[in-house]
Every structure is written in C-alpha cells, then in structure tokens.
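If you're wondering where the values come from, they're calculated on a predicted model, not measured in any experiment. Counting from 1, the numbers follow the sequence of the chain as shown.
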Amino acid sequence: MRSGTKHLRIASVLQIVLGVSSILLTYFLAGEADETTILVSGEEALWALVTAYAGGGFQVLAGLIGLALAKKKSILTVILGVILFIPQLLYFMHLDGNIGLIVFNIILLVIPYYYLHNAWKNFKA
C-alpha cells in the first residue's frame with residue numbers, strides 16, 4: 001500500500017464535507033441579507049454566489065477524485081491539491097486583524113494542505 005493512501009482518503013472525505021458545508025452555508029445565508037445592509041450591486045452579489053457554489057462544488061469533486069484515485073499514483077490529485085490550497089492560502093494572507101477569522105481560516109487552510117501533502121506522498125511512493 002502506498003504511504004499516502006489512507007491519509008488521502010481521510011483528506012478527501014474532509015474535502016467533501018467542507019465542500020458540502022460550504023454549499024449548504026451559502027444556500028442558507030444567501031437570502032438573509034437585509035436590503036439596508038447590502039453594499040454591493042446585484043451583479044457583484046450574483047458573482048459572489050456563483051463563485052461560492054462553484055468553489056464548494058470543486059471541493060466535492062476534488063474529494064471524490066481523491067477517493068477514487070487514492071490507491072493509484074496520480075498527478076491529478078496533486079494538481080487538485082494545489083488548486084485547492086493556493087486560493088485558500090491567498091485568502092488567508094489577505095485577512096485583517098480579526099483573531100477569530102484568522103483562527104477559522106487556519107483550520108480551513110489545514111484541510112487543503114493535508115489533501116495536497118498526502119496526494120504528493122501518494123504520488124512519490
């Protein structure tokens with residue numbers, strides 16, 4: 001068995017859970033904004049919704065591919081890991097000084113890193 005197989009499966013399941021959670025959170029919070037608190041145009045809001053749904057869908061897809069290819073040497077899982085990790089890292093680097101948001105995003109950064117790390121271990125084995 002490859003050295004990253006078990007952990008890649010765990011990371012893939014975590015990515016699926018994170019993606020589904022993101023989709024559900026977006027769905028339930030989309031209509032909660034009050035008209036007096038909206039500071040963006042309708043086009044910007046639509047773009048934010050589409051991006052949120054696409055990001056969650058991509059996380060689910062990457063998790064499913066990681067589960068399917070966990071026993072194989074696959075560069076695709078490594079590429080998906082990089083695609084998952086880089087945007088989360090960039091978002092983390094642009095955070096303000098809110099400690100709660102920083103801690104939450106550190107947790108969100110660990111999951112794609114765990115996926116990428118184990119996809120790389122699986123690829124190199």
Close side-chain approach of [X] to [Y], heavy-atom, < 4.5 Å:
X   : Y    : value
F85 : Y115 : no
V82 : L116 : yes
L67 : I16  : yes

[X] and [Y]: same hydrophobic cluster, using ILVMFWY side-chain contacts below 4.5 Å?
X   : Y    : value
Y91 : M93  : yes
V13 : L108 : no
I23 : F28  : yes
V20 : L49  : yes
V78 : L61  : yes

Distance check, rounded to the nearest 0.5 Å: [X] atom [atom1] versus [Y] atom [atom2]?
X    : Y    : atom1 : atom2 : result
T77  : I79  : OG1   : CD1   : 8.5 Å
I86  : L90  : CD1   : CG    : 6.5 Å
N122 : L8   : CG    : CG    : 5.5 Å
K71  : R9   : NZ    : CZ    : 5.0 Å
Q59  : S12  : CD    : OG    : 12.0 Å
L14  : Y114 : CG    : OH    : 7.5 Å

(request) Dump the intermediate steps for side chain to side chain contact (heavy atoms under 4.5 Å, CB included) on D96 and L101, then the final yes or no. (result) CA-CA 8 Å; D96 290 335; L101 197 56; over 6 Å; no

(message) For a quick test of reading the model, state the closest non-hydrogen atom pair linking L95 to I102 and the distance between them.
(response) CD1-CA, 4.0 Å

(request) Begin from the C-alpha positions of Q15 and L84 and carry the test side chain to side chain contact (heavy atoms under 4.5 Å, CB included) through to its verdict. (result) CA-CA 9 Å; Q15 274 306 139; L84 288 168; 3.8 Å; yes

Taking the side chain from [X] and the backbone from [Y], do they hold a donor-acceptor pair closer than 3.5 Å?
X    : Y    : answer
T26  : S22  : yes
N98  : G100 : yes
N118 : T5   : no

(request) Using a cut-off of 6.0 Å, state whether more than 12 heavy atoms not belonging to F58 lie near its atom CZ. (result) yes

(request) Hey, can you tell me if W120 and F123 have their rings parallel, tilted or perpendicular (30° and 60° cut-offs)? (result)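 Tilted: the ring planes of W120 and F123 meet at 30° to 60°.
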
